[in-house]
Amino acid sequence: MRETLYEDEDVCFLCDHLSEINKVALHLNITPGVWSPSKFKRFYNIFVNVVAPGLKAKGYNEVYATPFENDVKARKLITMFGLYEYGQNMGLVLMKKEI
């Protein structure tokens with residue numbers, strides 16, 4: 001089940017609830033052309049102050065992401081949010097962060 005966790009004109013944080021393993025996969029959609037260091041700080045603050053506490057309140061202690069192995073920009077962005085790589089599977093990089 002996909003859920004919108006936060007959305008405005010610049011960014012949308014979504015997650016997939018992986019109920020069979022009680023985990024949540026994070027998705028981040030950024031409006032094309034709005035990226036800047038100040039926007040990243042704003043997005044990061046939304047993640048830390050809105051998204052992560054909301055997931056924590058639902059009983060999740062970790063967030064996961066699975067960018068494509070060859071998508072260097074996505075991997076770097078996810079790393080900037082504090083997720084780290086812990087494996088690979090079928091062309092995807094497995095990343096996670098405790099919240």
Side-chain angles (χ1 to χ4, degrees):
M1 175 178 88
R2 184 160 286 184
E3 175 185 4
T4 300
L5 304 171
Y6 177 89
E7 184 175 16
D8 66 27
E9 65 280 352
D10 295 330
V11 67
C12 182
F13 287 88
L14 305 124
C15 73
D16 287 331
H17 295 275
L18 310 171
S19 56
E20 65 278 358
I21 57 173
N22 197 30
K23 305 287 183 196
V24 65
L26 189 64
H27 299 275
L28 177 65
N29 295 334
I30 298 172
T31 301
V34 302
W35 184 257
S36 70
S38 63
K39 290 285 186 177
F40 169 74
K41 288 178 187 176
R42 185 170 146 310
F43 301 158
Y44 182 79
N45 284 330
I46 292 166
F47 175 72
V48 169
N49 297 309
V50 178
V51 173
L55 290 171
K56 187 88 168 156
K58 292 178 181 181
Y60 295 103
N61 295 318
E62 298 173 319
V63 294
Y64 292 83
T66 55
F68 290 106
E69 198 174 343
N70 61 354
D71 193 342
V72 176
K73 284 178 87 173
R75 290 168 65 181
K76 182 176 180 178
L77 175 64
I78 295 165
T79 301
M80 291 170 67
F81 279 88
L83 284 79
Y84 65 90
E85 296 181 13
Y86 71 94
Q88 294 184 352
N89 187 24
M90 297 172 49
L92 298 173
V93 176
L94 309 175
M95 302 179 79
K96 71 178 178 178
K97 173 187 175 76
E98 289 186 25
I99 54 175

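These numbers come from a predicted model, not from an experiment. Numbers here are sequence positions counted from 1.
In the hydrophobic cluster analysis, where Ile, Leu, Val, Met, Phe, Trp and Tyr join through side-chain heavy atoms closer than 4.5 angstrom, Tyr60 is grouped apart from Leu14. Linking ILVMFWY side-chain heavy atoms closer than 4.5 Å, directly or via other members, places Leu94 and Ile99 in two distinct hydrophobic clusters. Tracing side-chain contacts under 4.5 Å through hydrophobic residues (I, L, V, M, F, W, Y), one never reaches Leu18 starting from Val93; they form parts of separate clusters.
Between Tyr64 and Tyr86, the angle of the ring planes goes over 60°, which puts this pair in the perpendicular group of the 30/60° scheme.
Thr66 contributes no side-chain N or O that, together with a main-chain N or O of Ala25, makes up a donor-acceptor pair within less than 3.5 Å.
Between the CG atom in Asn89 and the CD atom in Glu69 there is a gap of 10.0 Å [rounded to 0.5 Å]. The distance from atom NZ of Lys23 to atom CG of Asp16, rounded to the nearest 0.5 Å, is 15.0 Å. In this structure, CD on Glu62 lies 10.5 Å from CG on Asn22, to the nearest 0.5 angstrom. We find the CZ-CE distance between Phe68 and Met90 to be 10.5 Å, quoted to the nearest 0.5 Å. If you take NZ on Lys96 and CD on Glu85, they are separated by 13.0 Å, rounding to the nearest 0.5 Å. Atom CD1 of Ile78 and atom CG of Leu28 lie 8.0 Å apart (nearest 0.5 Å).
At a threshold of 4.5 Å between non-hydrogen side-chain atoms, the residues Cys12 and Thr4 count as touching. Using a 4.5 Å heavy-atom cutoff, the side chains of Leu26 and Val51 are in contact. Residues Phe13 and Leu55 have side chains not in contact (no heavy-atom distance under 4.5 Å, counting atoms from C-beta outward). Arg42 places a side-chain heavy atom less than 4.5 Å from the side chain of Asp10.
Glu98 CD: 12 or fewer foreign heavy atoms inside a 6.0 Å radius.
Considering every non-hydrogen atom in both Asp71 and Ala74, the closest pair reads OD1-N, 3.1 Å. Of all heavy-atom pairs spanning Arg75 and Pro67, the tightest one is CG-CG, 3.6 Å.
The only option from Phe40, Tyr6, Phe81 that meets the ring pair (Phe, Tyr, Trp, His ring centres under 6.0 Å) definition with Phe47 turns out to be Phe81.
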